[in-house]
Amino acid sequence: MDYQFKDIEQKWQQFWADNGTFKAEDKSAKPKYYVLDMFPYPSGAGLHVGHPLGYIASDIFARYKRLKGFNVLHPMGYDSFGLPAEQYAIQTGQHPAITTADNIATYRRQLDQLGFSFDWSREVRTSSPDYYKWTQWIFRQLFNSWYNKDADKAESIAKLVEHFEQKGSAGINAVSDEEILSFTADEWKALSNQEQQSELLKYRLTYLRESTVNWCPALGTVLANDEVKEGFSERGGYPVEQKKMLQWSMRITAYAERLLQGLDTIDWPEPLKEMQRNWIGKSTGASVRFPLPGSGSEVRETANPATGNTNPATYIEVFTTRVDTIFGVTFLVIAPEHELVASLTTPEQKASIDAYITQTKKKSELDRMADAKTVSGAFTGSYVLNPLNGEKIQIWIADYVLAGYGTGAVMAVPSGDQRDYLFAKHFNLPIVPIIDIQNIETEADPTKEGTYINSDFMNGLDYKAGTAAVIAKLEAIGAGKAKVNFRMRDAIFGRQRYWGEPVPVYFKDGLPHLIEEDHLPLLLPEVDKYLPTETGEPPLGRAENWKHPEGEYELSTMPGWAGSSWYWYRYMDAQNDKEFASKEAIAYWKDVDLYIGGSEHATGHLLYSRFWNKFLKDIDKVVEEEPFKKLINQGMIQGRSNFVYRLIDEIGRGTNTFVSHGLIREYHTSPIHVDVNMVENEVLNIKRFKEWRPEFADAEFILENGKYICGVEVEKMSKRYYNVVNPDDIAQRYGADTLRMYEMFLGPLEQSKPWNTNGIEGVFKFLRKFWRMFHNDAWEFSVSNAEPSKAELKSLHKIIRKVEEDVERFSFNTSVSSFMIAVNELTDLKCNNRAILQELVIVLSSYAPHICEELWTLLGNPAGTLSYAPFPKFNSAYLVEDEFAYPISINGKTKMNLNVSLSLEPKDIEAFVLANTDVQRYLDGKTPKKVIVVKGRIVNMVV
Ligand code: ANZ
């Protein structure tokens, strides 16, 4: 029978499903291997050919690892909470759970049709209650934990309370809010429960905080920084403004250093690690306190009712990475939001300060950082003193200083920093040079050259010595100390939306309390509309009879990243209703060996997942510090758009005539996207074009060689450009095996590349040729049991080695062309040898599993699957060359190469060469005077 891919693929997909072929074993003597794909958000549009690229690669790898004797875990699921389903619900009233279930059904059908070897018994959906119960459970653990800096790990709040009860706050080195109380054990015990709880909230790893957020009124929610692009929401493009709100936050900053260090231990693409490093943004520098005059230059605590210190502020603290430049400080700049702005502003300056603050409110943090050129600011009217030389310097506000970074205040050094320099020039502030060769315009780098001047005890020292000296001095007088700062902020953990996990919290007397563990999951309640309430509360505020016996439920839901920050553990033990995964399952599967997904998750998902993983490790629930050992970002598949060219008439109106691409230079035309599905090899299917839209029904065409040729451009694959290629269509037409191999054939996995259906025929023909090798001319299955020839064995072992090498280094495209070469070679050799073909079937099976399963059965193997057959062992002996192409020279000049068996001795080689007709032609009838044969090297004749 000819290659009937439809029947074959259906048959095997059914077989795999019926037999649970890819069910991973939880107990196994085999080594484990965990291959994970970033699970999809099931959107309404379904999959296009770009989506499966990573899934195909990971599937090839998973299948290959099974053949290599591993117990492979290769699961799939859905990240099914999220905004699009909710937006759709708002527009149509359709419950997001229904839309989501429909979309999942489509995804599942599409995935099944591509022959993936997923263990579907472990499917997870983040929106299903038996899943989000555990997301809520993790939230509970975070709420019940704090970060002990001395132990460098999270510990239980109970342990902290115990310490407070015994020793008070002394000896606690925690990552906490800024303003914490200091108290003795007795003072702690004297606090009311209410007071104790509000103090503990300052330590918890998830806590409530008033923060400036990206508020998107149109979406009715807060967005993360990476969901905002140039002041607009990434999804939908709605305007975003800055707003203060009480929000759940995650103390990810506690893990900043570990998140940074961990990067050195994992095999991830370097650019991705670099993005995480930048996001974490570690700066090593110093904090310095500049005393306010009149408060005395000795340093006291700022006003703090908790410690009984009611003094007004006595200093401004700055964070600097260049403390060595302190003698060049000529003014201080604080953020317009700095808490001291109001008290520092003198009556004369009030109007200009107020005006400046109003202006700042209009800018987002990103704008403020990006805008380095325009200088703006306002003088407060107040001064501070330089702690080292007592000089009086002005305090300004300017929006280039960000409230949320460092201390929200900078010491400005116009002779050291470009921004400060421009500021000083603009406002006519002093500039004091501090490096002998330093000149801001020539950009001399004092960290590399020069010594200090105008700098008191630092004069004559270089950068290293100067920095050390100044830090020592500041520490000695209590005016500063070395400090490490991170750019990373705590992560906001709430959204004012419906379709997400309810936060398992209720409020009583203004304080949050956890829902008890045995009451989880806290189910998402039904609401009449998916919109905020009239009073501006989140949609959950609409739920009727939804009330905790003791108080009011939290109305915000968790952000999109909650469910995806731990899902790989759920796959290890997806049905467990006692734990998020059993200890045994986690001890066995440990971590993900290979993770494949898009680079757009570089700083969101991949940072949050690492954070939760480290936390779960701290509380002894998981065993590995890093969850994803190796990670690969697959490239994007771009669309190939096709265009027709509408003829424009003399007065600039579009006509209904279309000019073929080769002729457009001769006419005035304007391009229009056409659906790529009605174009084949750039030739437009005119009939389908006319049917496409009523206005084209009587379109006319100016053709070239009788055809309408379309223009082509590479763009993002998107409905809008009519360049979306649906894998369903391809699978219908050519089959999944062809599609899988073709997607790999397009180019290196990590690279972005345009989709081009034109080349797919070649891959289809290859598979048909492969099929043909097992059949005679009448298309009857027929293989021989003869001993394989040397040449056949050589072809086979070349491909065994190549595939092994390629797959191990994730170079999937190069194997495809090698398969083609191997099949061509073997076809030329008329190979239909069982011994060869059987092995070849296994080698190809991870790429084209259906056809290989079918042939495996036809070859007479016991009923079942080849998925666990042993991958053929490469034998280098078959690759040893038994012939050598001798260069044949006449009088020292090489004339040709001649293949001669390496087993021949010089005398026989000479005879063989002289008998060759081509050699005789070169000799032109002459008999050589002398023939020199160097075995395995050369044959030279002297005539
Ligand atoms: C004095 C100085 C002199 C500085 C000099 C730089 C060069 P990174 O590496 O980003 O940590 N800075 C501190 N807090 C700031 C804030 N909230 N908003 C804007 N800028 C802030 O850089 C730290 C440096 O950025 C600090 O060192 C401070 O300026 C500024 F020749 O202090 B520097």
Heavy-atom closest contact (S660 atom, Y708 atom, distance): N-CE1, 3.3 Å
Could you check whether any side-chain N or O of Q920 sits under 3.5 Å from a backbone N or O of L914, counting only pairs where one atom can act as donor and the other as acceptor? yes
Residues K32, D591: salt bridge by 4.0 Å N-O rule: yes
Is there a side-chain contact between L793 and N875, using heavy atoms and a 4.5 Å cut-off? no
Full working for side-chain contact (heavy atoms from CB on, under 4.5 Å) between S117 and T21: CA-CA 8 Å; S117 63; T21 304; over 6 Å; no
Are any of the side-chain heavy atoms of L859 and V841 separated by less than 4.5 Å? yes
Is there a salt bridge (charged side-chain N to carboxylate O under 4.0 Å, His left out) between R768 and D2? Walk through the geometry before answering. CA-CA 8 Å; R768 192 158 172 260; D2 198 348; 2.9 Å; yes
Just say parallel, tilted or perpendicular for the rings of F5 and F764, cut-offs at 30° and 60°. perpendicular
CA sep, side-chain torsions, deciding dist, call: L739, E743, side-chain contact (heavy atoms from CB on, under 4.5 Å): CA-CA 6 Å; L739 177 62; E743 291 226 1; 3.8 Å; yes
Kindly state whether the ring of W755 and the ring of Y742 have centres lying under 6.0 angstrom apart. yes
Test side-chain contact (heavy atoms from CB on, under 4.5 Å) on M941 and V919; report intermediate values, then the result. CA-CA 10 Å; M941 289 174 271; V919 174; 3.8 Å; yes
Got a second to check how far N677's CG is from D675's CG, nearest 0.5 Å? 4.5 Å
Does a side-chain heavy-atom distance below 4.5 Å link R63 with S867? yes
Decide yes or no on side-chain hydrogen bond (donor to acceptor under 3.5 Å, both in side chains) for E713 and S641, but give the supporting numbers first. CA-CA 5 Å; E713 241 173 72; S641 306; over 6 Å; no
Check whether the side chains of N633 and E750 place a donor and an acceptor atom closer than 3.5 Å, and report yes or no. no
Scanning both residues in full, the closest heavy-atom pair of V934 with Y886 reads O-CE2, 3.6 Å
Report yes or no: do N940 and K930 form a side-chain donor-acceptor pair below 3.5 Å? no
Distance check, rounded to the nearest 0.5 Å: R740 atom CZ versus L53 atom CG? 12.0 Å
Using ring centroids (six-membered ring only for Trp), state whether H673 and Y722 fall under 6.0 Å. no
Y595 ring center near W268 ring center (under 6.0 Å): no
Please tell me whether H661 and Y645 form a close aromatic pair, meaning their ring centres lie under 6.0 Å apart. yes
Take D728 and Q110, measure what side-chain hydrogen bond (donor to acceptor under 3.5 Å, both in side chains) needs, and give me the verdict at the end. CA-CA 7 Å; D728 300 15; Q110 289 189 298; 2.9 Å; yes
So does K707 get a backbone contact from the side chain of N705, meaning a donor-acceptor N/O pair under 3.5 Å? no
Check the pair Y64, E808 against side-chain hydrogen bond (donor to acceptor under 3.5 Å, both in side chains), reporting the backbone distance first and the verdict last. CA-CA 9 Å; Y64 169 82; E808 304 263 355; 2.7 Å; yes
K23 atom NZ, over 12 foreign heavy atoms within 6.0 Å: no
Crowded around E270 CD? As in, over 12 foreign heavy atoms under 6.0 Å? yes
Do V807 and Y847 come close enough that some side-chain heavy atom pair is under 4.5 Å? yes
Can you tell me how the ring of F874 sits relative to the ring of H797, calling it parallel under 30°, perpendicular over 60° and tilted otherwise? tilted
Tell me the closest heavy-atom pair linking S815 and V803, and the distance in Å. OG-CA, 4.0 Å
Worked check of salt bridge (charged side-chain N to carboxylate O under 4.0 Å, His left out) between E853 and K11: CA-CA 10 Å; E853 288 273 26; K11 170 180 161 188; over 6 Å; no
Before you tell me yes or no, could you show the steps for R66 and H74 under side-chain contact (heavy atoms from CB on, under 4.5 Å), namely the whole-Å CA-CA distance, both residues' side-chain angles and the distance that decides it to 0.1 Å? CA-CA 10 Å; R66 285 191 201 99; H74 187 40; 3.9 Å; yes
What one should report as the nearest heavy-atom pair of F871 and I842 is CA-CG2, 4.2 Å
Please work out whether the ring planes of Y33 and F61 are parallel, tilted or perpendicular, with thresholds of 30° and 60°. tilted
Hey, does the side chain of S28 reach the backbone of E25 with a donor-acceptor pair shorter than 3.5 angstrom? no
Less than 4.5 Å apart, any side-chain heavy atom of F884 and any of S901? no
Correct closest heavy-atom pair for Q276 and A602 would be NE2-O, 2.7 Å
K716 NZ: over 12 foreign heavy atoms closer than 6.0 Å: no
Nearest-0.5 Å distance, CD1 of residue I851 to CG of residue D737: 6.5 Å
Let's go through Q838 and N861 carefully: what are the C-alpha distance in whole Å and the side-chain angles of both, what is the deciding distance for side-chain hydrogen bond (donor to acceptor under 3.5 Å, both in side chains) to 0.1 Å, and is it a yes or a no? CA-CA 9 Å; Q838 165 118 339; N861 289 292; 3.1 Å; yes
Just how far is it from atom CZ of F628 to atom OH of Y34, taken to the nearest 0.5 Å? 8.0 Å
Within-4.5 Å side-chain heavy-atom neighbours: I760 and T738: yes
Tell me, yes or no, whether the heavy-atom count around R937 atom CZ, taken from other residues, nucleotides or ligands under 6.0 Å, exceeds 12. no
Provide the closest heavy-atom pair for P887 versus T894 in the form atom of the first, atom of the second, distance. CB-CG2, 4.0 Å
Distance in Å, R688 CZ paired with M678 CE, rounded so as to fall on 0.5 Å steps: 7.0 Å
Verify salt bridge (charged side-chain N to carboxylate O under 4.0 Å, His left out) between D264 and K273, making sure each step is shown before the conclusion. CA-CA 9 Å; D264 297 334; K273 288 194 196 181; 5.5 Å; no
Does the separation of the ring centres of F22 and F118 fall below 6.0 angstrom? no
Residue pair N723 / E715, side-chain heavy-atom distance below 4.5 Å: yes
Any heavy-atom pair between the side chains of N642 and L684 that's under 4.5 Å? no
Q13 side, atom CD; D112 side, atom CG - distance, nearest 0.5 Å: 7.0 Å
For the aromatic rings, using the six-membered ring if either is Trp, is the centroid distance between F774 and F770 under 6.0 Å? yes
Start with the C-alpha gap between R801 and D806, add the side-chain angles, then the distance that decides, and say whether salt bridge (charged side-chain N to carboxylate O under 4.0 Å, His left out) holds. CA-CA 8 Å; R801 180 177 64 183; D806 283 355; over 6 Å; no
